[in-house]
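The structure appears right after this line, and notes come after that.
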Amino acid sequence: MTISQRKPDADAMAENPDRARSGGHDGFDGVIERLTALRPTLPPTAARIADVFLAHAAEVVHMSVTEVAERAEASEGSVISLCRQLGARGFQQVKIALARDLVQPVQFIHEDLARTDDTGTVIEKIFGSDLQALHDTMKVLDRGAMERAVAAIRRTRRVELYGIGSAAPIAEDANYRLLRIGVESKVVVDSHVQAISAALTGPEVATITISHSGSTHETVTATRLAREAGATTICITNFGKSPLLAYADIVLNTMARETQFRTEAMTSRIAQLAVIDALIACLSLADYDKAVATIGRTFDVLSTKRF
């Protein structure tokens, strides 16, 4: 797979609309030059991390902070500390700057596009990318994990859903779908309310966190707080290592390529919706009579909203 075919996710970009409007350029660039200049003065741990960045820049743009830390035999905190030494706010900003040096501007729109593509080619590439994400997600989605997620939701009193940025509408859709089959749930997409709500959960609550990267500060924090409060934490995230996994009891993986520059995640959302569709269907079959009865009642209610 070529560099242009493999890019990191869009969670961080989607959380900052000002940067999205500016095309993602935030004034931080020259990562390789900065690292090269700084490298001789670095202590051993930071030097190993710098070597990973310098020798594997094309890989780093689609790695998580956890994966970089493991590659360098260092901690996640050490990776972030080096990024700040370079003048970046954190790891995500370094990845954006590295990717900016490696991709063509047209890939800000979609990683598979070429500037000269006509309408028909664009349609074929976008649909092909989405279909590939669905196919790959079906292969990596753990059936046992899905069964455990269904069991966890059935034994708890209610469900809370967390999502930030491009994941927020996915969380809202999942909440709507759960309500339609009679599962008590609420969706929280404000980061401050997420932290409060998560801290007030407990053993009678199951949480579902949606994050393509698994590295978004707000949702990682909410998941950690929920787990510390005793909730069962279910996470829908892209395949690979990420900080979110440290606080996940059950992981439902997607497998979708995504570019860090797009203002909205595209392919990843298709994969996330498919996982939620499967989860809702499994829950409905597990509580068939209740689900069918509730769907019937909600159909009657919703019929009043249509002419």
Side-chain angles (χ1 to χ4, degrees), residues 8-17 19-20 63-67 69 76-77 79-80 89-93 95-96 137 145 149 152-153 158-176 178 185-202 205-256 258 260 262-269 271-273 275-276 279:
D9 67 278
D11 281 3
M13 193 70 206
E15 290 162 23
N16 194 328
R19 275 173 50 204
M63 292 171 71
S64 69
V65 64
T66 307
E67 290 169 324
E76 294 171 4
V79 175
I80 295 168
R89 290 187 299 273
F91 178 66
Q92 290 296 332
Q93 192 178 21
K95 285 210 303 182
I96 291 171
T137 295
I153 292 171
R158 64 180 172 86
V159 175
E160 288 194 9
L161 298 112
Y162 308 136
I164 289 289
S166 62
I170 308 300
E172 289 171 338
D173 178 76
N175 179 62
Y176 172 77
L178 287 167
S185 67
K186 73 172 184 177
V187 59
V188 189
V189 296
D190 177 271
S191 62
H192 289 222
V193 181
Q194 273 184 8
I196 294 168
S197 190
L200 296 176
T201 59
V205 178
T207 65
I208 301 177
T209 301
I210 302 167
S211 172
H212 176 78
S213 68
S215 300
T216 307
H217 287 291
E218 290 85 352
T219 46
V220 171
T221 298
T223 306
R224 174 180 61 80
L225 290 170
R227 192 178 194 189
E228 290 173 354
T232 301
T233 55
I234 302 166
C235 296
I236 300 175
T237 188
N238 211 50
F239 184 82
K241 295 178 180 178
S242 68
L244 183 64
L245 300 185
Y247 309 110
D249 293 315
I250 302 166
V251 179
L252 302 177
N253 281 127
T254 58
M255 179 68 86
E258 205 67 77
Q260 186 77 317
R262 288 215 301 271
T263 57
E264 294 182 12
M266 294 182 185
T267 306
S268 63
R269 293 193 297 178
Q272 290 163 354
L273 286 168
V275 170
I276 289 166
L279 177 61

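Just so you know, these numbers come straight off a predicted model, no measurement behind them.
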Practice item. For Lys95 and Ser64, indicate whether the former's side chain and the latter's backbone hold a donor-acceptor pair under 3.5 Å. Key: no
Review point. So, the side chain of Thr137 versus the backbone of Met255: is there a donor-acceptor pair under 3.5 Å, distance only?
Key: yes
Review point. Could you state the interatomic distance from CD1 (Ile170) to OG (Ser268), rounded to the nearest 0.5 Å?
Key: 7.5 Å
**Study point:** Audit row: Thr66, Leu245, side chain to side chain contact (heavy atoms under 4.5 Å, CB included) steps and yes/no
**Key:** CA-CA 10 Å; Thr66 307; Leu245 300 185; over 6 Å; no
Study note, to complete from the structure: All heavy atoms of Ser215 vs all of Ser242, minimum pair found to be OG-CB, 4.2 Å
Practice item. Specify the closest pair of heavy atoms between Gly214 and Val220, including all atoms of both residues, with the distance to one decimal. Key: O-CG2, 3.6 Å
Practice item. Search all heavy atoms of Tyr162 against all heavy atoms of Thr201 and return the closest pair with its distance. Key: OH-CG2, 3.9 Å
Review point. How far does CD of Glu228 sit from OG1 of Thr223, to the nearest 0.5 angstrom?
Key: 11.0 Å
Revision key, fill the gap. Residues Ile164 and Val189: closest non-hydrogen pair is CD1-O, 3.4 Å
**Study point:** Distance in Å, Ile208 CD1 paired with Thr232 OG1, rounded so as to fall on 0.5 Å steps
**Key:** 11.0 Å
Study note, to complete from the structure: So CD1 of Ile234 and CD of Glu160: to nearest 0.5 Å the spacing works out to 12.0 Å
Revision key, fill the gap. CD1 of Ile236 to CD1 of Ile276, rounded to nearest 0.5 Å, is 4.5 Å
Practice item. Mind running side chain to side chain contact (heavy atoms under 4.5 Å, CB included) on Thr237 and Asn253 for me, showing each step along the way? Key: CA-CA 5 Å; Thr237 188; Asn253 281 127; 4.1 Å; yes
Check your understanding: Would you say the side-chain atoms of Thr233 pair up with the backbone N or O of Tyr247, donor to acceptor, closer than 3.5 Å?
Key -> yes
Check your understanding: Donor-acceptor pair, Ser197 side chain versus Val193 backbone, under 3.5 Å?
Key -> no
Review point. If you measure from CG on Leu244 to OG on Ser211, what distance do you get to the nearest 0.5 Å?
Key: 6.0 Å
Check your understanding: Are the side chain of Gln93 and the backbone of Arg89 linked by a donor-acceptor contact shorter than 3.5 Å?
Key -> yes
Review point. So Val188 and Ile196, side chain to side chain contact (heavy atoms under 4.5 Å, CB included) or not? Walk me through it.
Key: CA-CA 10 Å; Val188 189; Ile196 294 168; over 6 Å; no
Study note, to complete from the structure: Note: Ala256 and His212 closest approach over all heavy atoms is O-CE1, 3.1 Å
Check your understanding: For Glu76 and Val65, which heavy atoms make the closest approach, and how far apart are they?
Key -> O-CG2, 4.1 Å
Exercise for review: For the pair Arg269 and Gln272, evaluate side chain to side chain contact (heavy atoms under 4.5 Å, CB included) and give the outcome as yes or no after the intermediate values.
Suggested key: CA-CA 5 Å; Arg269 293 193 297 178; Gln272 290 163 354; 4.1 Å; yes
